[in-house]
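Contents: one structure, followed by commentary.
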Amino acid sequence: MDLYRQLRLVRQHWWIVLLTIMVALGVTAFVTVRAEPRYVASVTFFVTTPSQGVTDAYQGGLLMQQRVKSYAELLTSDRLAQAVVAENSVGLTAEEVQRRVSTSTETGTVLLRASVTDTDQTRALRVTETLSAKFVELVQKVETPANGQTGPIKIEVVSGPRVSSSPVSPQPVRNFAIGGLLGLLCGMGLAILRGLADVRLRDAATLQRTTGSPLLGEIPFEGSAKSEPLIVGEAVNSARAEAVRKLRTNLRFVDVHEPARVIAVTSALQGEGKTTLSCNLAIALAEAGWRVLLVDADLRRPKVDDYLGLDAGVGLTDVLVGDVQVGDVVQRWGDKSLLVLPSGSAPPNPSELLGSKAMADLLLALRESADIVIIDTAPLLAVTDGVVVAVQADGALLVSQQGRTSRTQVAAASRALHSVSVRLLGCVLNMARVPKTEAYQYEAYRVVASTATTSVPADRATNGRHAERAGAGVPDRTQELTRLPR
């Protein structure tokens with residue numbers, strides 16, 4: 001995985017990074033507040049030896065540098081700690097004194113530094129004073145020869161003992177800086193892991209790669225689409241309507257040598273917006289002057305009649321069983337060249353009915369009576385109805401909702417179509433999160449036309465709240481738009 005994808009995952013899951021940083025800062029604040037202040041008392045020793053001449057000084061310096069390392073260990077020895085406890089009652093045991101003492105040396109010098117860290121400022125100073133005195137005595141004792149002559153090593157206190165006036169820990173600024181940095185790194189790691197573990201569709205490129213078909217459109221998400229799903233009225237100039245028009249253009253030129261006239265619109269799961277897209281695509285094609293016939297072939301859960309405000313009492317099911325002729329149940333919608341064939345009565349055997357010879361004959365007749373036939377079908381993974389209809393069409397259009405459908409589900413739907421040699425015209429990413437820059441570009445070129453408000457006949461308006469406002473007094477041109485058998 002390249003760096004660009006990692007950064008994109010971090011940007012997509014920015015809330016994880018922010019939450020992790022806040023948690024890290026909260027933990028840091030809790031630990032900082034609960035931590036006891038700690039003070040450091042220090043003392044510095046200078047190690048020397050009597051010498052004469054340059055050569056003796058050089059050899060003595062080498063000797064001192066070697067001895068300093070040993071003295072650093074001696075400062076934390078049991079013998080010295082016991083001497084400190086015996087000399088000064090500080091309320092600590094020898095082991096506790098050892099744990100509080102630390103040493104440091106500077107390379108190339110004969111300086112030795114001892115530090116005592118304690119939560120009690122006064123006790124830290126007392127322990128350091130006693131430690132420095134007892135250390136000098138201990139070194140003189142161990143370095144004095146048995147014959148009583150003067151030892152070759154001399155130790156002097158050159159700095160301290162002194163204690164810090166302010167606590168050395170906790171340090172809020174440093175703690176918060178470290179906590180924030182660790183939170184940032186952990187948050188970025190979690191965001192990347194979350195992105196890698198997320199199998200849902202997050203962008204159009206993933207949808208195109210999963211289906212292996214061209215991307216024909218990205219329908220942006222709009223909050224008003226739930227109450228006004230159709231691209232009519234005020235929504236005709238929305239970014240969503242423009243995206244449907246782009247889909248219309250791409251669909252007409254997806255294969256100029258073999259154009260698809262009967263198109264099945266389907267999806268992997270229920271609720272991905274295939275019915276809304278079918279209606280809006282049919283409206284957009286009709287606005288371009290095409291003779292369009294919209295067929296509701298989702299016989300289990302039909303929604304086209306509800307969106308368009310049509311009477312669905314009689315429709316496709318009744319035509320297939322031979323009760324009525326198709327020309328008697330086709331309904332004209334609005335003042336455009338758009339005809340709609342509702343689903344009709346709910347049958348007990350939708351799959352068998354849609355795969356019957358009557359359905360094949362009906363589609364053949366509809367193909368000759370309209371420029372484009374849009375068929376709204378059932379989801380592919382739920383039932384086999386969608387595949388049965390798609391086989392009889394010229395091609396299928398696969399609709400997927402961003403952030404809801406997983407890549408596995410989309411791949412399974414694509415395989416279901418390819419397994420029966422269905423021509424997959426392309427895919428559409430629905431409810432896509434469009435970058436703000438693209439929205440700004442559309443707003444800059446958006447044209448708002450002044451149109452007169454029209455109304456829908458009362459008998460249709462009562463059947464659905466999403467019907468288009470048709471012009472009053474427009475003659476019924478059903479017979480002019482179709483040659484359907486009656």
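Just so it is clear, the structure is predicted and the values come from calculations on it, not from any experiment. Numbers here simply count residues along the sequence, with the first being 1.
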Quiz prompt | Backbone N/O of A124 and side chain of D118: donor-acceptor pair under 3.5 Å | solution = no
Quiz item: Got a sec, which pairs hit side chain to side chain donor-acceptor pair (under 3.5 Å) with one end in residues 20-39, sequence neighbours left out?
Solution: T32-N175
Quiz prompt | L353 vs P350 side-chain heavy atoms within contact, under 4.5 Å | solution = no
Exercise. Output the distance between atom OG (S400) and atom CG (N430), rounded to the nearest 0.5 Å.
Key: 9.0 Å
Quiz prompt | T377 side-chain N/O to V265 backbone N/O, donor-acceptor pair under 3.5 Å | solution = yes
Quiz item: How far apart are the closest heavy atoms of V40 and S115, and which atoms are they?
Solution: CG1-CB, 4.0 Å
Quiz item: Between R11 and L7, is any pair of side-chain heavy atoms under 4.5 Å apart?
Solution: no
Exercise. Could you grab the distance from atom CZ of R200 to atom CD of Q409, nearest 0.5 Å is fine?
Key: 10.5 Å
Practice problem: Apply the test salt bridge (Lys or Arg N to Asp or Glu O under 4.0 Å) to residues D394 and R261: give CA-CA distance (whole Å), side-chain angles for both, the deciding distance (0.1 Å), then the verdict. | Solution: CA-CA 6 Å; D394 295 338; R261 296 181 56 192; 6.0 Å; no
Practice problem: Any chance you could measure Q270, atom CD, to K274, atom NZ, to the nearest 0.5 Å? | Solution: 8.0 Å
Self-check item: C186 SG to L184 CG distance, which is reported to the nearest 0.5 Å
Solution: 9.0 Å
Exercise. Determine the minimum heavy-atom distance between I231 and N280, stating which atoms define it.
Key: N-OD1, 3.0 Å
Self-check item: Steps toward side chain to side chain donor-acceptor pair (under 3.5 Å) verdict (D385, S351)
Solution: CA-CA 5 Å; D385 301 7; S351 300; 2.5 Å; yes
Quiz item: At what distance, to the nearest 0.5 angstrom, does CZ of R100 lie from OG1 of T117?
Solution: 9.5 Å
Quiz item: Between A286 and L338, what is the shortest heavy-atom contact and its length?
Solution: CB-CB, 4.0 Å
Exercise. Test side chain to side chain donor-acceptor pair (under 3.5 Å) on T48 and E156 and set out the steps.
Key: CA-CA 8 Å; T48 184; E156 297 181 357; over 6 Å; no
Quiz item: Taking all atoms of both residues into account, what is the closest heavy-atom pair of A264 and V389, and its distance?
Solution: CB-CG1, 4.5 Å
Quiz item: Step by step, would you call Q98 with D78 a side chain to side chain donor-acceptor pair (under 3.5 Å)?
Solution: CA-CA 7 Å; Q98 285 182 282; D78 296 339; 2.6 Å; yes
Self-check item: M431 atom CE, neighbour heavy-atom count above 12 within 6.0 Å
Solution: yes
Exercise. Under the salt bridge (charged side-chain N to carboxylate O under 4.0 Å, His left out) rule, collect the residues that match up with K303, sequence neighbours excluded.
Key: none
Practice problem: Spell out, as yes or no, whether a donor-acceptor pair under 3.5 Å connects the side chain of Q82 to the backbone of R79. | Solution: no
Exercise. Start with the C-alpha gap between E242 and R245, add the side-chain angles, then the distance that decides, and say whether salt bridge (Lys or Arg N to Asp or Glu O under 4.0 Å) holds.
Key: CA-CA 5 Å; E242 185 62 26; R245 297 187 191 103; 3.0 Å; yes
Self-check item: Verdict with supporting geometry, R433 and F221, side chain to side chain contact (heavy atoms under 4.5 Å, CB included)
Solution: CA-CA 6 Å; R433 300 290 180 177; F221 171 81; 3.4 Å; yes
Quiz item: Considering only heavy atoms from C-beta outward, does the side chain of L294 approach that of C279 to under 4.5 Å?
Solution: yes
Quiz prompt | Shortest non-hydrogen contact from R240 toward P229 | solution = NH1-O, 2.6 Å
Quiz item: With a 4.5 Å limit on heavy-atom distance, are the side chains of L201 and R407 in contact?
Solution: yes
Self-check item: Donor-acceptor pair between S213 and Q208 side chains, under 3.5 angstrom
Solution: no
Quiz prompt | Exercise: identify the closest heavy-atom pair between S132 and V43 | solution = CB-CG2, 4.0 Å
Quiz item: Do the non-hydrogen side-chain atoms of F135 and L74 ever get within less than 4.5 Å of each other?
Solution: yes
Quiz item: Within 45° of the ring axis of W290 and under 6.0 Å from its six-membered ring centre, is that where the NZ or CZ of R248 lies?
Solution: no
Quiz item: Got a donor-acceptor contact below 3.5 angstrom from the Q402 side chain to the E218 backbone?
Solution: no
Practice problem: Would you indicate whether the side-chain heavy atoms of V304 and S343 approach each other to under 4.5 Å? | Solution: no
Quiz item: Side chains of D376 and T275: donor-acceptor distance under 3.5 Å anywhere?
Solution: yes
Practice problem: Enter the distance from S227:OG to E222:CD here, rounded to the nearest 0.5 Å. | Solution: 10.5 Å
Practice problem: Carefully, step by step, assess L398 and L380 under the rule side chain to side chain contact (heavy atoms under 4.5 Å, CB included). | Solution: CA-CA 10 Å; L398 184 61; L380 296 174; 4.1 Å; yes
Self-check item: Short side-chain to backbone donor-acceptor contact, D203 and T206, under 3.5 Å
Solution: yes
Practice problem: Report yes if the side chains of V47 and Y71 come closer than 4.5 Å at any heavy-atom pair, otherwise no. | Solution: yes
Quiz item: Given L131 and V116, is the side chain to side chain contact (heavy atoms under 4.5 Å, CB included) satisfied, shown in steps?
Solution: CA-CA 9 Å; L131 181 72; V116 177; 4.2 Å; yes
Exercise. Side-chain contact test, heavy atoms from C-beta onward, threshold under 4.5 Å: evaluate it for I219 versus V244 and give yes or no.
Key: yes
Exercise. Assess whether side chain to side chain donor-acceptor pair (under 3.5 Å) is satisfied between E73 and S70, documenting all intermediate values.
Key: CA-CA 5 Å; E73 297 293 332; S70 301; over 6 Å; no
Quiz item: Pairs in or reaching into residues 161-172: which pass side chain to side chain donor-acceptor pair (under 3.5 Å), with residues at least two apart or in two chains?
Solution: S159-R162
Quiz item: Does CZ in R301 sit with more than 12 non-hydrogen atoms of other residues, nucleotides or ligands closer than 6.0 Å?
Solution: no
Quiz item: Where do L251 and L281 land on the side chain to side chain contact (heavy atoms under 4.5 Å, CB included) test, with the steps shown first?
Solution: CA-CA 10 Å; L251 193 59; L281 180 59; 3.8 Å; yes
